[in-house]
S.K.: 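The structure is given below, and queries will be raised subsequently.
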Amino acid sequence: MKIGIIDDYANAQLIKSFLNMKKILLFIILAVALLSFKKLEKNGSKEKLTETELKSIKENYNWISKEFLIINFRMPKSSCHYNNYSDLKKSSTWWTSYYAKMKLVNVHNVFVYSDKKKAKKIIDSKAHFEDVNSFVLNNFFSKSKACYGIVVVNESGEFKKKAGEYTQENILELINCLK
């Protein structure tokens, strides 16, 4: 009978330690999952353009007096799983409305197209530009397989970027990271 009691006690301890291990494992999995969904950090490291690169961007995209430059970039069709160059006029109207709702201050907002031939009808060198010498593609999105990307640059050349589709919240977050 004593052996049965000891066996029951040992089994209970084994079950208890097994349940504790399950709790610890679940906690570790949750912690890893939460940490893997990284948001842009306000105090995170910022990348920075060289003086030559900053000068080139200012000249190519008529960025003269605003504190921030937003580059809305359309990747090459080969990077996108659909034709991201179809109906650019309609897309331009949509983006104009999208940004009008944001009421951005001290921001120069441009649209840059990787494929200047497909975007020829919309490129006006005022708000819509070609990617001169593939500068945006090569310097910000060379490894991206997305259809779109955004880069926000401040006056000192610090920048933040996001490949893929982006929201108004993403845009504001990128700007705020560079203030």
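Any value given below was found using the heavy atoms of this structure, including those in side chains, with hydrogens, waters and symmetry copies removed.
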S.K.: So how far is it from Lys162 NZ to Asn170 CG, rounded to the nearest 0.5 Å?
M.R.: 5.0 Å
S.K.: State, yes or no, whether a side-chain contact exists between Ser91 and Arg74 at a heavy-atom distance under 4.5 Å.
M.R.: yes
S.K.: Looking only at non-hydrogen atoms, find the nearest pair between Tyr99 and Ile171 and report the distance.
M.R.: OH-CD1, 3.3 Å
S.K.: Distance from His128 atom NE2 to Leu88 atom CG, nearest 0.5 Å?
M.R.: 9.0 Å
S.K.: Does the side chain of Asn83 come under 3.5 Å of the side chain of Ser86 through a donor N or O and an acceptor N or O?
M.R.: no
S.K.: Would you please test Tyr82 and Lys77 for side-chain contact (heavy atoms from CB on, under 4.5 Å) and show each step?
M.R.: CA-CA 7 Å; Tyr82 64 92; Lys77 188 177 181 287; over 6 Å; no
S.K.: Is there a donor-acceptor contact under 3.5 Å from the side chain of Ser97 to the main chain of Thr93?
M.R.: no
S.K.: Are more than 12 heavy atoms from other residues, nucleotides or ligands located less than 6.0 Å from atom CG of Asn133?
M.R.: no
S.K.: Please answer: with hydrophobic residues joined when any side-chain heavy atoms are less than 4.5 Å apart, are Leu174 and Val105 in the same cluster?
M.R.: no
S.K.: Could you pull out all residues at least two apart from Tyr98 that satisfy ring-ring contact (aromatic ring centres under 6.0 Å, His included)?
M.R.: Trp94, Trp95
S.K.: Considering non-hydrogen atoms only, spot the tightest contact between Leu178 and Val152 and give its length.
M.R.: CD1-O, 3.1 Å
S.K.: According to side chain to side chain contact (heavy atoms under 4.5 Å, CB included), who are the partners of Asp115, at least two apart in sequence or on a separate chain?
M.R.: Tyr85, Lys117, Lys118
S.K.: Would you check if Glu155 and Lys66 make a side-chain contact, meaning some heavy-atom pair closer than 4.5 Å?
M.R.: no
S.K.: For Ala127, does its backbone N or O pair with a side-chain atom of Asp124 as donor and acceptor, under 3.5 Å?
M.R.: yes
S.K.: I need the minimum non-hydrogen distance between Ile57 and Trp63, along with the two atoms involved.
M.R.: CG2-CE3, 4.1 Å
S.K.: With sequence neighbours excluded, what pairs up with Lys120 under the side chain to side chain contact (heavy atoms under 4.5 Å, CB included) test?
M.R.: none
S.K.: Do Tyr113 and Glu130 make a side-chain contact, defined as non-hydrogen atoms from C-beta onward lying under 4.5 Å apart?
M.R.: no
S.K.: Would Leu104 and Ile175 satisfy side-chain contact (heavy atoms from CB on, under 4.5 Å), going step by step from the backbone distance to the final call?
M.R.: CA-CA 10 Å; Leu104 297 172; Ile175 291 170; 4.0 Å; yes
S.K.: Do you know the tightest heavy-atom contact between Ser114 and Leu137?
M.R.: OG-CD2, 4.0 Å
S.K.: To the nearest 0.5 angstrom, please state how far the CG atom of Asn109 sits from the CD1 atom of Ile70.
M.R.: 4.5 Å
S.K.: Looking at every non-hydrogen atom in both residues, tell me the closest pair between Ser92 and Ile122 and how far apart they are.
M.R.: CB-CD1, 3.5 Å
S.K.: What is the distance from atom CD1 of Ile150 to atom NZ of Lys160, rounded to the nearest 0.5 Å?
M.R.: 13.5 Å
S.K.: Could you measure the distance from the OG atom of Ser79 to the CZ atom of Phe141? Nearest 0.5 Å is fine.
M.R.: 11.0 Å
S.K.: Which residue is it: Asn154, Asn106, Val107? I am looking for the one with a side chain to side chain contact (heavy atoms under 4.5 Å, CB included) to Glu67.
M.R.: Asn106
S.K.: Would Val112 and Phe135 count as a side-chain contact (heavy atoms from CB on, under 4.5 Å) here? Give the steps.
M.R.: CA-CA 10 Å; Val112 178; Phe135 180 85; over 6 Å; no
S.K.: Do Val132 and Ile123 belong together in a cluster built from hydrophobic side chains that touch within less than 4.5 Å?
M.R.: no
S.K.: Is the CD atom of Gln168 crowded by more than 12 outside heavy atoms at less than 6.0 Å?
M.R.: yes
S.K.: Output the distance between atom CZ (Phe73) and atom OG (Ser144), rounded to the nearest 0.5 Å.
M.R.: 9.0 Å
S.K.: Do the side chains of Met75 and Cys147 get nearer than 4.5 Å, heavy atoms only?
M.R.: no
S.K.: Heavy atoms, side chains only, cut-off 4.5 Å: are Thr50 and Glu53 in contact?
M.R.: yes
S.K.: Tyr166, Leu172: one ILVMFWY side-chain cluster at the under-4.5 Å cut-off?
M.R.: yes
S.K.: Please step through side-chain hydrogen bond (donor to acceptor under 3.5 Å, both in side chains) for the pair Asn138 and Ser134, ending with a clear verdict.
M.R.: CA-CA 6 Å; Asn138 293 334; Ser134 298; 4.6 Å; no
S.K.: Would you confirm whether Asn60, through its side chain, and Ser56, through its main-chain N or O, come within 3.5 Å as a donor-acceptor pair?
M.R.: yes
